There are 2 protein chains.
Amino acid sequence: MIIRISEIEIDSADLEEYISILKEESEASVRLEPGVISIYPMYQKENPTQIRILEIYKDKEAYDSHLETPHFKHYKTTTLKMVKSLKLLDMEAIDEESMPAIFEKLSENE
Amino acid sequence: MIIRISEIEIDSADLEEYISILKEESEASVRLEPGVISIYPMYQKENPTQIRILEIYKDKEAYDSHLETPHFKHYKTTTLKMVKSLKLLDMEAIDEESMPAIFEKLSENE
């Protein structure tokens, strides 16, 4: 599984249009792509130009194929100029299986 | 619905113990509390001491009652000293119904 939190800041003048395009894209992805487990978009209540998206893909193939869909390409090209900043955080879910990887990484960094 | 992203930084010396307590707490919450829709804990791959939790509660009552459960109280008291920083971000899901609220808030802040 590929898990990511996208942290996106949108120009406030573009927010209404951005959200409408993002909503369309996330709905199409979950509906049309079996490998897209979740694209869950949110905005921060205190600061609505701060967007967060929890994205979960079945595997690398599902993610790569998502990038080639018409709905993703439409989202990417139409919103490019609206995005003030973009951070993609690769995450791991916290469960038994993933725990050894955490501590291996920690000891490497000590 | 109450949606929140908790951004938590844990002392690296405590991370193994913290994650084990968090995992137990999140599993118990989802299993025992019908009003807890999601407590989805993750850590950042590049920086495992950075924890993110997507929390979704049915309503304010479900959240208030969550705070009174033995499993939450155990989590809170045992991990208090392990937490280097904690930010609770109140979020809204992006959907048709929530959109008017965004733009109202934006115009208030202009």
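All figures in this text were calculated on a predicted structure; none of them were measured in a lab. In what follows, every chain begins at residue 1, and chains take the letters A, B, ... in the order their sequences are listed.
Residues Y57(B) and L89(B) are members of separate hydrophobic clusters, defined by side-chain heavy-atom contacts under 4.5 angstrom among Ile, Leu, Val, Met, Phe, Trp and Tyr. Note: the hydrophobic cluster containing I2(A) does not contain L54(B) (ILVMFWY, side chain heavy atoms under 4.5 Å, direct or indirect links). Follow the hydrophobic side-chain contacts under 4.5 Å out from I19(B) and you never reach L80(B); the two are in separate clusters. Following chains of ILVMFWY side-chain contacts shorter than 4.5 Å, one cannot reach M1(A) starting from Y43(B), and the two form parts of different hydrophobic clusters.
Heavy atoms of I51(A) lying under 4.5 Å from chain B belong exclusively to its side chain. There is no contact between I53(B) and chain A, counting heavy-atom distances below 4.5 Å.
No side-chain heavy atom of I94(A) sits under 4.5 Å from any side-chain heavy atom of Y40(B). Between D90(B) and Q44(A) the shortest side-chain heavy-atom distance does not fall below 4.5 Å.
When each of R4(A), M42(A), R52(A) is checked for heavy-atom pairs under 4.5 Å with chain B, M42(A) comes out on top.
Within 6.0 Å of the CD atom in E24(B), the count of heavy atoms belonging to other residues, nucleotides or ligands does not exceed 12.
Distance check, rounded to the nearest 0.5 Å: CD of Q50(A) to CE of M91(B) gives 8.5 Å.
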